[in-house]
Amino acid sequence: MIPPREVDAHQDLPSLEQSVLARWRERDVFAESLRMREGAPEWIFYEGPPTANGRPGSHHVLSRVFKDIYPRYKTMRGYRVERKGGWDCHGLPVEIGVEQELGISSKAEIESYGIEAFNAKCRESVFAFLEEWNLLTERIGFWVDLDDAYRTLDESYIESVWWALAEIDRKGLLYEGNKVVPYCPRCGTALSSHEVALGYQDVVDPSVYVRLPAHAPAGPVQAQDAFLIWTTTPWTLPGNIAVAAGPDIEYVRARIGDETLILAAARVERVLGEDAEILERFSGGELTEAGASYRGPLFREGPDGGSMIIVGDFVTTEDGTGLVHIAPAFGEDDFRAATAAGLIDPTDPHTIINPVEPDGTYDKRVRSHDGRSYEGRFVKDPALTQELIDDLTAQGLLFKREDYEHSYPHCWRCGTPLIYYAKPSWYIATSRVREAMLAGNETVHWHPPHIKHGRFGDWLSNNVDWAISRERYWGTPLPVWRCTSGHTHTIGSFAELQERSGSELADHHRPYVDEVQFTCPHEGCEQPMSRVPEVIDVWFDSGAMPFAQHHAPLEHEDRFQQRFPADFICEALDQTRGWFYSLLAVSTLLFDQAPYRNVVCLGLILDAEGQKMSKSKGNTVEPWQVLDTYGADAFRWYFFTSKQPWDGYRFSQEAIGEGVRLFLKQLWSTYFFYVLYAHANRDALSDAEHAQGEDDLDRWARSRTANTAELVAERLDAYDATTAGRAIAGLVDELSNWYVRRSRRRFWEGDPAAFGTLRECLLIVSKLLAPFCPFVADEIYDNLDGALASVHLCEFPLGERLPEQDAALEEAMAIARETVRLGLGARAQAKIKVRQPLAEAVVVADGRERAAIERMVEIVREELNVRRVRFVHAADELGEYEVKANYRTLGPLFGKEMPLAAQAIAALDPAKVAAAVRNGEGIGIAVAGREHTLSAEDVILTMKAPDGYSVEREGVHAVALELALDDDLRREGHAREIVHAVQNARKTAGLAVEDRIALSLDGDERLLSAASAHRDYLAGETLALELTIAGQPQATMGYREQTRIDDLELMIALARSERD
RNA sequence: GGGCGAUUAGCUCAGUCGGUUAGAGCGCUUCUCUGAUAAGGAAGAGGUCCCUGGUUCGAAUCCAGGAUCGCCCA
């Protein structure tokens, strides 16, 4: 019961945390928390691997503390929670980092630098900040096994990924397609749709309206007409081979000025203005059936036979002109429409006119109308755009130019605007398992729930095939080999590769794997096979982690089976299209099952201006600064309790400081109080182990604690750390500001029951708090109990581990506190200090309330500092009742007649209603000619305050104070004032709370007579062993001060007493 | 243009099943209490619950439309 360590009231939390960390290391607590659960049911957590090639930021702290709290909680609930760390090692982010380091920025430069050397650099850089990540992870108390972390660059990991792809291929779901893909010309690679999703930015692009003169009259089209098209990407015009019209859209020939233009009727006013004159109307179908054509191509040589108007079912009249320029190499719709019109063959790349090189520059075919070459020009260069527009103007083709603001995809890493670009690419046919993914999603509990059928479900319903190949260097090589006859074979293990090729590789990354060849296994084909050049989308790597982290199924298949699916994963919301998706897709493709049961989605951390924090913007808040200033518990507490995590945070250091002040310091100070007085009462407590107070207040404190524990568990089970944490804070506030405040005297006097109660409550709090603030929780546990090596090895306090609950007592205490609040309000109204005792408080209450207040009457009396508490039944003595309808109960009953019912109730005699309620009788009213009998809960009785009393009221009870003072009360008031003054003097003199003193008082006669009358009280309160009133202070009394009480003089002299 | 979410006091956020007079913390003003707490307590100032319409006896809450912000997708 006496804690071994004394406690510093103003403990610096960051340094406390360092000592707790040292203790964990010394006692090997994390490992022990797993060992002790050997054989217990597993609760599965998957770590979504971060990339350690950059510094960790505050947003990483957010996800890592949420990844920590639930595993800690589940461990305390009896589960074994293995926490295998993981690192995402491959991919463009790493390559880009290295490119920057090397000062290069193109694939050509990488290849001249050498793939081997480049990948070696990548391998090094992946862990450039590993040490800082590890330090931060430990410092914030994220328990995860970093020594046994999986790494996506490991040979074993790569082999599992190969297995997965071979398996997907075996199911016929891997194919090479020639499609228009979002493509980063700088990185020279296609991006998956979920990568594209990461990089939308609002930009202003020039949009142009271009005249395309008719090639020949056809149907409604006449020789001098021109088709008007609109594009926001003038750079695609050299790829133009056709124009699409909506078959059911109405088009017109419209005269404006001296020219005749063809465009959608719905767009005439917007594009041509009000002066346009409509000459003729016809449908898009008429145009295409008549074989309308225009003079093409643009910006390149071509047969002068005219380019066709074709059907496009995607054409709308919401913007543009209703005539859409078709460049099959640069748009998915274009590609489909051109295929449908028979203009291109999607399986034969040569039929697709693509004048743009993979590096995003024009090839030699592109030239201006006067023969100047555009070869080598980067297509997204604004200067080029301007030249193209000037060129159009010079040819008389530009009708109009406007700025167009829209959201356009950019490369999520390098920021280059993406282009849509036709190229061969490898796909996984995820659209064929769409229904299975949707079914899997149904089994997942999302937090918040709207993700399930909102953002994520929506995304799944619109699923398109996953483009998984990347024409890059540092990644898991695509394990597809192709022979010169075009057969392909997917390798599913290193053993298979070795068997087929005879070569053994120590490293299966590029470029080593590129050199491996073998004979085509297809029957009758003996051609050599070599690997296709691509690597795999990194998201596929991370999506494969459920099995690849164990090297399953090539090894440890049992481990994988045991630990699939995950009970819990947690990442930021932006992973909806990232890891959340890749995990689900891979698991559905391979196992037809969702890989996780519960997902907590965290919102974004915004900076003070509401901007997203990200490395690329450089506006991250340095986590170390927060940790050094406030500590990890404070950081964690802020994330857990300041708000529900999914809506995002507006991050500020001040908010963290507030949490420290309001919660951590309050908790610490309660703990400090216990330890301080436990030490001061060493003797009284030494033989009183674990006393249980039976006092109402003790039982109340334990009941509140038990109640809170159940709520915390219930909320944590629902992944609602916020409400759980706030409940703990509420409990600590009640313990500190009510239990301890009301029980102080018992602690001064060394009452073992009080110590036992507070100790028990604090120990439960430390266990409830352990998952949230693991440091301070452990410190309190260790000093107050310490039976186990750490609080994190304890069982979560529930059931038999909790003290008895007493709902009636809790309710009674709540009513008593309410009464005290009213009484203090009445005092404030009368402007009488609490120190001045009053003769009587009159409390109006009935029934349960009265019983409750009577039970707690001593507390009420002391808190209000009155001699007596008197009860009255009715309001008669203090005021009158008002009676009102209870809408909640009567509303459903009376419906439309509710206003009448309320009127009838308001007209009742409140005194009679009060009497009826008291006697448990029904209350009769007539509404719209019908009789009704109401019960007590159908009416609400409210006190009506009369004038001239100091009364505070609330609902059915009220408190009034007798304000008249007699000499006796006045003397006691003075005595209390003197005590207060002496206490202040003690503090000023720098005495410790348990120091005994010699005290001498002098001054106004009235004060001295009060001091004499309450001599014992005064001496007792101030711990004065000697008390001299109106005598000479001894010369040894080192501290003297003069003060005034009610404008009367008081001289205080005191000294620490040598006697004990 | 579409989807999802948000909008409540100066700031940060609660608000249960639709129920009477919408709350807390911080900050501010005044008072007060301290033998743990730069803490606590009381009072006060501070609200168009984003707007408009609808459903309902009754709407911060439900519905529709709109505005603004964020994220995502075209």
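So that the names make sense, note that chain A is the first sequence line, chain B the second, and so on, each numbered from 1.
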Show the distances under 3.5 angstrom between N or O atoms of the protein and N or O atoms of nucleotides 9-16 of chain B.
from: C13(B); atom 1: OP1; to: Lys643(A); atom 2: NZ; distance (Å): 3.0
from: C13(B); atom 1: O2'; to: Arg726(A); atom 2: NH2; distance (Å): 3.2

Which residues share a side-chain hydrogen bond (donor to acceptor under 3.5 Å, both in side chains) with Thr231(A), sequence neighbours left out: Thr233(A)

side-chain hydrogen bond (donor to acceptor under 3.5 Å, both in side chains) filter on Glu714(A), not counting sequence neighbours, yields none

Take nucleotides 61-66 of chain B nucleotide by nucleotide from the 5' end and write B, S or -, depending on whether a protein heavy atom sits under 4.0 Å from the base, only from the sugar-phosphate, or from neither. ------

Would you measure the distance from the [atom1] atom in [N] across to the matching atom in [M] and give it in whole Å?
N: A74(B); M: U52(B); atom1: P; answer: 36 Å
N: G53(B); M: C11(B); atom1: P; answer: 26 Å
N: U12(B); M: G2(B); atom1: C1'; answer: 33 Å

For RNA chain B, please output the secondary structure as dot-bracket, reading 5' to 3'. Pairs are Watson-Crick or G-U wobble, both atom distances under 3.5 Å; mark crossing pairs with [ ], other-strand partners with |, unpaired with a dot. (((((((..((((.....[...)))).(((((.......))))).....(((((..]....)))))))))))).

Cationic N near anionic O, under 4.0 Å, Arg744(A) to Glu1021(A): no

Using atom names, set out every protein N or O paired with an N or O of nucleotides 31-33 of chain B below 3.5 Å, distance rounded to 0.1 Å.
from: C33(B); atom 1: OP2; to: Arg835(A); atom 2: NH2; distance (Å): 2.9

5' priority, RNA chain B, between Gly1020(A) and His10(A) [closest heavy atom]: Gly1020(A)

Polar side chain donor-acceptor pair, Trp459(A) to Thr576(A), under 3.5 angstrom: no

